[in-house]
Undergrad: 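One structure coming up, written as structure tokens, with questions to follow.
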Amino acid sequence: MQNKGSRHRFSTMANRSRIPSLFISMFATFASIYVAGRLWQDAQNRVYLIKELDRITGQGQSAISVDDTLKIIACREQHKKLDALKVELDAAKQEGFISKGLTESNGTYSKRRPLVVIGILTKFGRLKNRDAIRKAWMGNGASLKKIEDGKGIILRFVIGRSANRGDNQDKDIDRENGLTNDFLILDDHVEGSQGHAEKAKLFFAHAADRWDAEFYAKVNDDVYVNIDALGATLATHLDKPRIYMGCMKSGEVFSEQNHKWYEPEWWKFGDKKSYFRHASGEMYVISQALAKFISINRSILRTYAHDDVSAGSWFIGLDVKHIDETKFCCSSWSTGAICAGV
């Protein structure tokens, strides 16, 4: 009886041990089938890619690896994108959005993109000055439009709003602009209280936002400008991306409060005797990149007592080419000069 019982127990244990082995064998079989399938699929993908490469290149049998094949295909896609971008770029040039270089012919400029936007900073009560400028060199109506279309030069008087918004001073300017259409009115600037420097900063910011020009110039409303000489001079600097051009000077810092050119923050300027190098305020020009810089940073750019000093301070520390052009020295008129005080 004992022998029978022992044989029964061994038989049962053997049967139990066969069950896990069966599961292991089944699992191994399925795993082998899965791995073989993956390898087959990967091999098929490789064959497909190589055949595609052969078809595209027309070189018959290819010994290029799959990685190299994918790189070549990606490279071809990039070439397609570059070709598409080139087409778009050519179209943009045709529309005048991309600089194609300026050519001068009989005083006119063959380019749809404006060469320069000139902001003539003016004030309330200066109608006589504005009329004198219109008669002398700016023009009005059809003649102003002809300068814009033929020479690529946009001219606007720049003025803010009255502290008493909507009063007779504002109405007079609105009425004048309705007749002449030659103002850039700064609704976010209050005449008188915010100062000339803040006004110049806002002119550059708003002009850069409104017109896509090569250059932007600030002029006082008591200055005569030779726009043909200006256009010819600027045309020679189109290849320079960031320029700041004018009659460069340093100038004395005045700390006496009763002085006409008093600088409240005189103590900030080095030896307290002279300013850093900057263009004289009667007229100066900056390139588009600098105007855009002012537009983007208008809320944090510091202004001082004078707009010319302020403008000079904005470009310290930037990669800017300062151009000292004596033609912009408006205090003395000479042959070939661009401006003159009147």
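Heads up: numbering here begins at 1 and tracks the sequence.
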Undergrad: What are the two closest heavy atoms between V158 and F203, and how far apart are they?
TA: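 Shortest heavy-atom separation between V158 and F203 comes out as CG2-CD1, 3.7 Å.
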Undergrad: Is atom NZ of K146 surrounded by more than 12 heavy atoms (other residues, nucleotides or ligands) closer than 6.0 Å?
TA: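 Counting other residues, nucleotides and ligands, NZ of K146 stays at 12 neighbours or fewer.
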Undergrad: Give, for atom CZ of R156 and atom CE of M138, the distance between the pair rounded to the nearest 0.5 Å.
TA: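 Taking CZ in R156 and CE in M138, the distance rounds to 7.0 Å.
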Undergrad: Hey, what else clusters with L179 if you join Ile, Leu, Val, Met, Phe, Trp, Tyr whenever side-chain heavy atoms sit under 4.5 Å?
TA: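 Taking Ile, Leu, Val, Met, Phe, Trp and Tyr as members, L179 stands alone, with no cluster partners.
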Undergrad: Do K218 and D308 sit within salt-bridge range, that is, some charged N less than 4.0 Å from a carboxylate O?
TA: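 Not counted as a salt bridge, because no side-chain N and carboxylate O are separated by less than 4.0 Å.
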Undergrad: Using the rule that two of Ile, Leu, Val, Met, Phe, Trp, Tyr join whenever any of their side-chain heavy atoms come within less than 4.5 Å, decide whether I147 and V219 are in one cluster.
TA: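 Same cluster.
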Undergrad: Look up atom CD1 in I173 and atom CD1 in I159, then write down how far apart they are to the nearest 0.5 Å.
TA: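 Here the rounded value is 3.5 Å.
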Undergrad: Where is the tightest heavy-atom contact between D239 and T236, given as atom of each residue plus distance?
TA: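 So the minimum-distance heavy-atom pair works out to OD1-O, 3.8 Å.
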Undergrad: Can you list every pair that meets side chain to side chain donor-acceptor pair (under 3.5 Å) and has a residue in residues 309-321, with sequence neighbours left out?
TA: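 Residue pairs passing side chain to side chain donor-acceptor pair (under 3.5 Å), neighbours aside: R242-D319.
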Undergrad: So, D174 and R161, do they make that salt bridge, N to O below 4.0 Å?
TA: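 A salt bridge links D174 with R161.
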Undergrad: Should M283 and L230 be marked as a side chain to side chain contact (heavy atoms under 4.5 Å, CB included) after you check the CA-CA gap, both sets of side-chain angles, and the distance that decides it?
TA: CA-CA 11 Å; M283 181 178 186; L230 174 64; 3.8 Å; yes
Undergrad: Classify the ring geometry of W137 against Y224: parallel below 30°, tilted from 30° to 60°, perpendicular beyond 60°.
TA: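 Because their plane-to-plane angle is over 60°, the rings of W137 and Y224 count as perpendicular.
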Undergrad: Any sub-3.5 Å donor-acceptor pair from K201's side-chain atoms to R298's backbone N or O?
TA: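 Yes; at least one donor-acceptor contact below 3.5 Å.
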Undergrad: Looking at N220 and G281, what are the two nearest heavy atoms and their distance?
TA: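 For N220 and G281, the tightest heavy-atom pair comes out as ND2-O, 3.6 Å.
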Undergrad: Drop me the distance from N140's CG to R130's CZ, to the nearest 0.5 angstrom.
TA: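 Atom-to-atom, N140:CG and R130:CZ are 13.5 Å apart.
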Undergrad: Are C330 and C247 close enough that their SG atoms are less than 2.5 Å apart?
TA: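 Answer is no, sulfur atoms not closer than 2.5 Å.
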Undergrad: Give me the ring orientation class for Y284 and F204: parallel if the planes are under 30° apart, tilted from 30 to 60°, perpendicular past 60°.
TA: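 Tilted: the ring planes of Y284 and F204 meet at 30° to 60°.
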Undergrad: Rounded at 0.5 Å granularity, tell me how far CG in L184 sits from CG in N177.
TA: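 Answer rounded to 0.5 Å: 9.5 Å.
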Undergrad: Consider side-chain contact (heavy atoms from CB on, under 4.5 Å). Of N226, I323, I338, which one does T233 pass it with?
TA: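 Of all the options given, the one that passes is I338.
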Undergrad: For the pair I153 and I118, evaluate side chain to side chain contact (heavy atoms under 4.5 Å, CB included) and give the outcome as yes or no after the intermediate values.
TA: CA-CA 7 Å; I153 298 176; I118 301 176; 3.8 Å; yes
Undergrad: Quick check: do K199 and L186 have side-chain heavy atoms less than 4.5 Å from each other?
TA: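 In contact.
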Undergrad: Decide yes or no on salt bridge (charged side-chain N to carboxylate O under 4.0 Å, His left out) for R175 and D172, but give the supporting numbers first.
TA: CA-CA 5 Å; R175 189 180 304 110; D172 287 342; 2.8 Å; yes
Undergrad: Any idea how F315 and F293 line up, ring-wise: parallel (<30°), tilted (30 to 60°), or perpendicular (>60°)?
TA: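 Tilted.
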Undergrad: Can a salt bridge be assigned to the pair R134 and E176 using a cut-off of 4.0 Å between side-chain N and carboxylate O?
TA: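 The answer is yes: the pair qualifies as a salt bridge.
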Undergrad: Is it possible for you to say whether F215 and F328 belong to one hydrophobic cluster, with membership spreading through side-chain heavy-atom contacts below 4.5 Å?
TA: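 Hydrophobic grouping puts F215 with F328.
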Undergrad: Would you say L234 ends up clustered with L290 if hydrophobic residues are merged whenever their side chains have heavy atoms under 4.5 Å apart, either directly or through other cluster members?
TA: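 Result: no, two separate clusters.
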Undergrad: Hydrophobic cluster membership, with links at side-chain heavy-atom distances under 4.5 Å among I/L/V/M/F/W/Y: are I294 and V309 in one?
TA: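 No, separate clusters.
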Undergrad: Looking at CD1 of I185 and NE2 of H206, how far apart are the two atoms once the value is rounded to the nearest 0.5 Å?
TA: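 Answer rounded to 0.5 Å: 12.0 Å.
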Undergrad: May I ask you to list the residues sharing a hydrophobic cluster with I300, side-chain cutoff 4.5 Å, ordered by chain and number?
TA: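 Noted: I300 shares its cluster with no other residue.
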Undergrad: Rounded to the nearest 0.5 Å, how far does NE2 of H196 lie from NZ of K123?
TA: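 Rounded to the nearest 0.5 Å, the NZ-NE2 separation comes out at 6.5 Å.
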Undergrad: For R113, is there an ion pair with E214 - N to carboxylate O distance below 4.0 angstrom?
TA: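 Counted as a salt bridge, because a side-chain N and a carboxylate O are separated by less than 4.0 Å.
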Undergrad: Using the rule that Ile, Leu, Val, Met, Phe, Trp and Tyr join whenever any side-chain heavy atoms are under 4.5 Å apart, tell me whether L202 and F157 fall into a single cluster.
TA: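 No, it is not one cluster - the side chains of L202 and F157 are not joined through contacts under 4.5 Å.
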Undergrad: For a quick test of reading the model, state the closest non-hydrogen atom pair linking A229 to A337 and the distance between them.
TA: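 Residues A229 and A337, closest heavy atoms: CB-O, 4.0 Å.
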Undergrad: Under 3.5 Å, is there a donor-acceptor pair between the S162 and D170 side chains?
TA: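 No, no side-chain donor-acceptor contact under 3.5 Å.
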Undergrad: For A289 versus P241, what's the shortest heavy-atom pair and its separation?
TA: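 Heavy-atom minimum between the residues: CB-O, 3.7 Å.
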Undergrad: At their closest point, which heavy atom of D212 faces which heavy atom of P114, and how far apart are they?
TA: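 Minimum heavy-atom contact is O-CD, 3.6 Å.
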Undergrad: Count the heavy atoms belonging to other residues, nucleotides or ligands that lie under 6.0 Å from NZ of K249, then report whether that count exceeds 12.
TA: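 More than 12 heavy atoms, drawn from other residues, nucleotides or ligands, come within 6.0 Å of this atom.
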Undergrad: Checking side chain to side chain contact (heavy atoms under 4.5 Å, CB included) for the pair N129/D222: CA distance, chi angles, key distance, verdict?
TA: CA-CA 7 Å; N129 287 58; D222 57 357; 4.2 Å; yes
